[in-house]
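Working notes, structure below.
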Amino acid sequence: MFHESGISRRKERLFFTFLVTLFTMMFGGSVALKDVSVTIPQAANIGDTITLQCHYDLEGEPLYTVKWYKGQREFFRYIPKELPSTQIFPYYGMDIDIGKSTPNTVVLRNVQQNMTGKYGCEVSTDAPNFYTLLTSAYMFVVQMPVGDPEVFVEKDIYEIGYPLKGNCSSPLSYPAMNLTWYLNGKRVKESFKVSVSAPDAGNEKRKPVSAIIGLEHEIDASTFKTGKAVLRCAAEFFHLYQKYIEYTVEEERPRPRPSSVLGTRDTSSGSQLALSFFMINTGVLLAVIIR
């Protein structure tokens, strides 16, 4: 009941603020509260301590309250006129470091995966205007990957006109990593993309998964540089992880003709043999003449 009534009061205040703002804009006034923004990590690893920041410009208006929400639920409130000025509303799995939290920041310790979601900061000025602005951003609490991506290629040597086939897989993470193919530094499209859960993940809601992409790219005359081509699989995981692995394939050379395999005929040896027979015959003939 308390939670529902709190949401109702919040809606009433927002509606009232909307009417006041509209009235002020229509009759040439200016809204005093402005530039409300939040700085929230896009991603945090399980167990991290993170800081949520709320920035605002009151432009001389007195501050009434600063409230923090996860989704629609309020979990932190700052009211400078009250003692204590800070209030915390219990939220399952959320550990707020109240000693380090301020009117502009909230510090969360040991974040877990259920802390993934949208976080909003609502700032309100005091009487007589009661301006209110709300802004929000999304944060993922992730399971970091450990290790490098792995590349498998069908074969090491390719002939022009044949497809280059392979796949790249990432280490386990949550959510799935982003994998991208590059051939000689140029991005190429994957032939398929799937995510495979860890075999021992069970019935977990947020299961660690391995991302897998395939490759089927036709080899042409421009593929090989000095007989080689470099295939790269790049793996990215928010701002927390960037790695890649490279694999070199070679161009298949034309097979040599049978004459090249068996060897060429040595014409000089034949000439020497003929000369030897000629010398012998000449010697025999001279011997007969002398006799």
Side-chain angles (χ1 to χ4, degrees), residues 1-17 21 31-144 174-175 205-206 237-240:
M1 289 296 292
F2 174 78
H3 178 58
E4 292 178 358
S5 62
I7 293 177
S8 298
R9 287 197 300 271
R10 180 183 171 219
K11 289 181 178 178
E12 291 174 0
R13 177 177 290 277
L14 288 173
F15 181 69
F16 175 75
T17 302
T21 303
V31 178
L33 177 61
K34 68 175 186 178
D35 298 335
V36 177
S37 64
V38 291
T39 302
I40 295 174
Q42 183 188 22
N45 197 21
I46 295 173
D48 281 354
T49 295
I50 59 109
T51 301
L52 313 176
Q53 296 181 318
C54 186
H55 314 280
Y56 46 86
D57 183 357
L58 298 174
E59 288 207 323
E61 290 283 320
L63 177 65
Y64 173 65
T65 183
V66 177
K67 298 179 180 180
W68 279 94
Y69 298 87
K70 181 179 182 293
Q72 296 295 320
R73 284 188 58 181
E74 182 181 1
F75 63 87
F76 182 90
R77 181 185 297 176
Y78 173 77
I79 305 178
K81 286 186 177 181
E82 295 186 0
L83 289 176
S85 57
T86 300
Q87 298 179 48
I88 292 177
F89 303 96
Y91 195 115
Y92 177 74
M94 182 178 288
D95 182 8
I96 300 175
D97 189 339
I98 193 166
K100 293 183 179 179
S101 299
T102 71
N104 296 90
T105 61
V106 175
V107 178
L108 304 181
R109 296 178 293 205
N110 190 30
V111 293
Q112 299 300 312
Q113 284 186 323
N114 68 317
M115 291 294 98
T116 293
K118 180 189 276 188
Y119 289 81
C121 175
E122 180 186 277
V123 182
S124 301
T125 63
D126 209 339
N129 294 316
F130 291 107
Y131 297 124
T132 298
L133 289 177
L134 171 69
T135 188
S136 59
Y138 203 91
M139 181 181 75
F140 287 93
V141 179
V142 303
Q143 178 176 325
M144 279 285 292
Y174 178 84
K205 184 178 179 180
R206 298 179 175 88
F237 192 67
F238 299 98
H239 62 282
L240 304 172

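Predicted, not measured: the structure shown is a model, and the values here were computed from it.
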According to the interplanar angle, ranging from 0 to 90°, do the rings of Tyr119 and Phe75 count as parallel (below 30°), tilted (30 to 60°) or perpendicular (above 60°)? perpendicular

Thr125 side chain to Tyr131 main-chain N or O, any donor-acceptor pair under 3.5 Å? yes

To the closest 0.5 Å, what do you measure between CG (Leu134) and SG (Cys54)? 9.0 Å

Minimum heavy-atom separation for Ile88 and Phe76, please, with both atom names. CG1-CD1, 4.3 Å

From Met144 atom CE to Leu240 atom CG, the distance as rounded to the nearest 0.5 Å: 5.0 Å

The test is side-chain contact (heavy atoms from CB on, under 4.5 Å); show your working for Ser136 and Val38 and say whether it passes. CA-CA 7 Å; Ser136 59; Val38 291; 5.7 Å; no

Within the side chain of Thr86, is there an N or O that forms a donor-acceptor pair under 3.5 Å with the backbone of Tyr78? no

With rounding to the nearest 0.5 angstrom, report the NE2 to OG1 distance, His55 to Thr105. 9.5 Å

Note: Pro62 and Ala127 closest approach over all heavy atoms is CG-O, 4.0 Å

Picking from Tyr91, Trp68, Phe89, what satisfies side chain to side chain contact (heavy atoms under 4.5 Å, CB included) with Arg73? Tyr91

Between Lys67 (side chain only) and Gly120 (backbone N and O only), is there a donor and an acceptor less than 3.5 Å apart? no

Can you pull out every salt bridge (charged side-chain N to carboxylate O under 4.0 Å, His left out) where at least one residue sits in residues 100-117? Sequence neighbours excluded, please. Asp95-Arg109, Asp97-Arg109

Partners passing ring pair (Phe, Tyr, Trp, His ring centres under 6.0 Å) against Tyr56 (at least two apart in sequence or in another chain): none

Asp126/Lys81 under side-chain contact (heavy atoms from CB on, under 4.5 Å): CA gap, chis, key distance, verdict: CA-CA 10 Å; Asp126 209 339; Lys81 286 186 177 181; 2.6 Å; yes

From CG (Asn45) to CZ (Phe238), nearest 0.5 Å: 11.0 Å

Val141 backbone acceptor or donor facing Thr116 side chain under 3.5 Å: yes

Exercise: identify the closest heavy-atom pair between Pro175 and Val142: CD-CG1, 3.7 Å

Spacing of CE belonging to Met139 relative to CG belonging to Leu52, to within rounding of 0.5 Å: 6.5 Å

From Leu108 atom CG to Ile96 atom CD1, the distance as rounded to the nearest 0.5 Å: 6.0 Å

Stepwise side-chain contact (heavy atoms from CB on, under 4.5 Å) test for Leu63 and Val123: CA-CA 8 Å; Leu63 177 65; Val123 182; 3.9 Å; yes

On a heavy-atom basis, which atom in Ser124 and which in Thr132 lie closest, and how many Å separate them? OG-OG1, 2.9 Å

